[in-house]
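See structure below.
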Amino acid sequence: MDRNKFSAIAHRDHVFCNPISESKINTIMHLTRLNPDDKAIDIGAGTSELLIRYIEKYNILATAIELYDGSIETARNRANGRISLDRIQFVNEDAKHVMDNYSTPEFRLGICIGSTHAIGDLEATLRALRKCVHPGGYILVGEGYWKKTPPREYLQALGAQLDDLKTHQGNVKLGEQLGLTPLYSVVASEDDWDAYEGLYASSIENYCYENPNDPDVEAMLTRIRNWRNTYLEWGRDTLGFGLYLFRN
């Protein structure tokens with residue numbers, strides 16, 4: 001089963017591919033005040049809904065880095081009719097390789113939400129964005145955090161280690177240690193998480209019901225049902241997700 005295929009189906013009904021509510025994202029967008037023709041870059045942009053909205057709101061120029069070409073196709077379809085397509089450039093390459101090519105500040109806003117693994121981890125991502133964002137510009141990252149010490153069984157189910165994530169405070173503090181100024185942070189509530197995970201699971205269930213001849217149906221159903229049980233047993237109380245806005 002192709003991992004990108006699974007993710008694309010699981011997120012097909014989401015506006016944003018993360019558990020932060022739309023109203024909270026709108027607040028972040030209002031706080032990042034940009035001028036027309038300012039430039040933004042998004043690492044792991046997915047279907048690029050956030051960049052499209054930034055272009056709609058501020059008429060900026062945007063670069064979307066996304067390795068999965070299916071997400072880029074969806075992004076183009078979303079953008080068509082909403083913005084001029086020459087406002088956004090899609091880069092279908094490995095994000096780490098792309099970011100290694102930036103050695104001077106070119107952007108007013110640098111974004112990476114739920115994709116810090118594409119660069120390595122949160123620290124590596126903040127360093128990469130800091131290098132390419134103008135002094136006084138904004139860095140917006142979305143990252144998981146531990147609400148409490150995760151049970152060993154939960155870590156095993158995730159295939160994760162305790163030090164893969166920090167606390168909410170730890171994410172903010174890391175930015176400070178790297179010389180960034182924290183401006184705002186917001187986290188997903190339990191309702192936000194339930195809405196995200198519920199839609200994530202139902203999208204897979206509905207796809208499999210509608211496409212019984214897909215050879216991946218059994219694998220997808222096994223995966224999503226195990227994931228749903230893991231979320232309900234441990235994840236809902238243990239794993240958090242936050243958006244962190246810094247000034248460079």
Side-chain angles (χ1 to χ4, degrees), residues 16-18 20 24-68 71-72 75 79 83 87-145 166 170-187 241-248:
F16 299 102
C17 299
N18 68 77
I20 303 295
K24 293 173 183 177
I25 289 175
N26 287 338
T27 297
I28 289 276
M29 291 184 63
H30 176 72
L31 291 172
T32 46
R33 295 182 174 89
L34 304 174
N35 296 313
D37 294 333
D38 279 346
K39 294 181 179 180
I41 188 168
D42 190 342
I43 299 170
T47 56
S48 296
E49 180 64 28
L50 183 59
L51 281 182
I52 293 168
R53 292 193 181 200
Y54 266 114
I55 294 169
E56 288 176 321
K57 185 176 180 66
Y58 294 111
N59 197 30
I60 63 169
L61 299 167
T63 298
I65 305 173
E66 175 54 46
L67 193 57
Y68 180 47
S71 291
I72 292 177
I83 61 171
R87 294 267 108 185
I88 187 167
Q89 174 191 12
F90 296 102
V91 180
N92 185 206
E93 297 180 36
D94 180 85
K96 192 174 188 304
H97 174 72
V98 175
M99 297 306 294
D100 284 344
N101 291 330
Y102 289 109
S103 57
T104 58
E106 297 186 28
F107 302 95
R108 179 71 175 165
L109 169 64
I111 302 170
C112 183
I113 298 177
S115 297
T116 58
H117 59 275
I119 305 298
D121 57 19
L122 178 59
E123 180 174 350
T125 300
L126 290 174
R127 290 185 183 277
L129 289 173
R130 190 178 182 202
K131 184 172 63 174
C132 71
V133 170
H134 291 291
Y138 301 102
I139 292 175
L140 174 61
V141 294
E143 180 76 340
Y145 66 90
K166 303 179 184 303
N171 287 342
V172 176
K173 189 171 183 180
L174 177 60
E176 286 185 298
Q177 291 171 341
L178 295 176
L180 304 174
T181 302
L183 295 179
Y184 188 82
S185 63
V186 66
V187 303
F241 189 87
L243 288 184
Y244 304 90
L245 180 64
F246 300 96
R247 177 175 289 121
N248 191 17

With side chains defined as the heavy atoms from C-beta onward, is the minimum distance between L31 and Y138 less than 4.5 Å? no
| said: In the structure I gave you, are the side-chain heavy atoms of T116 and D121 within less than 4.5 Å of one another anywhere? | reply: no
Between L180 and P182, the two heavy atoms sitting closest are O-CD, 3.5 Å
CD (E176) and OG1 (T181) are apart, to the nearest 0.5 Å, by 8.0 Å
By side chain to side chain contact (heavy atoms under 4.5 Å, CB included), D94 pairs with (sequence neighbours left out) K96, H97
One should read off an interatomic distance between L126 CG and L174 CG, to the nearest 0.5 angstrom, of 5.5 Å
Closest non-hydrogen atoms of I111 and Y54, given as atom of the first, atom of the second and distance, are CD1-CE1, 4.1 Å
- Check the surroundings of atom NZ in K24: do more than 12 heavy atoms from other residues, nucleotides or ligands lie under 6.0 Å from it? yes
Value for OG (S48) from CZ (R53), rounded to nearest 0.5 Å, stands at 12.5 Å
Donor-acceptor pair, distance only, cut-off 3.5 Å: does the side chain of N248 make one with the backbone of R130?
yes
inquiry  = Do L122 and Y244 have side chains that approach each other closer than 4.5 Å (heavy atoms only, starting at C-beta)?
reply    = no
Evaluate R108 against N35 for side chain to side chain contact (heavy atoms under 4.5 Å, CB included), listing each step before the verdict.
CA-CA 9 Å; R108 179 71 175 165; N35 296 313; 5.7 Å; no
On a heavy-atom basis, the closest approach of F241 and G144 is CD1-N, 3.7 Å
Rounding to 0.5 Å, atoms CD (E123) and OG1 (T125) come to a distance of 10.0 Å
Applying side chain to side chain contact (heavy atoms under 4.5 Å, CB included) to E106 and not counting sequence neighbours gives Y102, T104
Residues A64 and I88: closest non-hydrogen pair is CB-CD1, 4.4 Å
Output for pair (I41 CD1, Q89 CD), nearest 0.5 Å, gives 8.5 Å
### Query
Within the side chain of Y58, is there an N or O that forms a donor-acceptor pair under 3.5 Å with the backbone of M29?
yes
Nearest heavy-atom contact between T47 and I52 is O-CD1, 4.2 Å
Worksheet item: Looking at side-chain heavy atoms only, is the closest gap between I20 and I28 below 4.5 Å?
Response: no
*So, does R87 use its side chain to make a donor-acceptor pair with the main chain of N59 at under 3.5 Å?*
yes
Notebook entry, point to check: Going through the checks in order, is the side chain to side chain contact (heavy atoms under 4.5 Å, CB included) test met by M99 and I65?
Noted result: CA-CA 9 Å; M99 297 306 294; I65 305 173; 3.8 Å; yes
Q. Can any side-chain N or O of N92 pair as donor or acceptor with the backbone N or O of E66 at less than 3.5 Å?
A. yes
Query - Main-chain N/O of L67 paired to S71 side chain as donor or acceptor, under 3.5 Å - result: no
Across all chains, not counting sequence neighbours, the ring-ring contact (aromatic ring centres under 6.0 Å, His included) partners of Y145 are H168
Are F107 and L129 close enough that some pair of their side-chain heavy atoms sits under 4.5 Å apart? no
To the nearest 0.5 Å, atom CG of D38 lies from atom CG of L109 at 9.0 Å
*asked:* Is it the case that atom NZ in K173 sees more than 12 heavy atoms from other parts of the structure closer than 6.0 Å?
replied: no
| query | Do T27 and Y184 meet the criterion of a side-chain donor-acceptor pair at a distance under 3.5 Å? | reply | no
Minimal heavy-atom distance between T63 and L51, with the atoms involved, is O-CD1, 3.8 Å
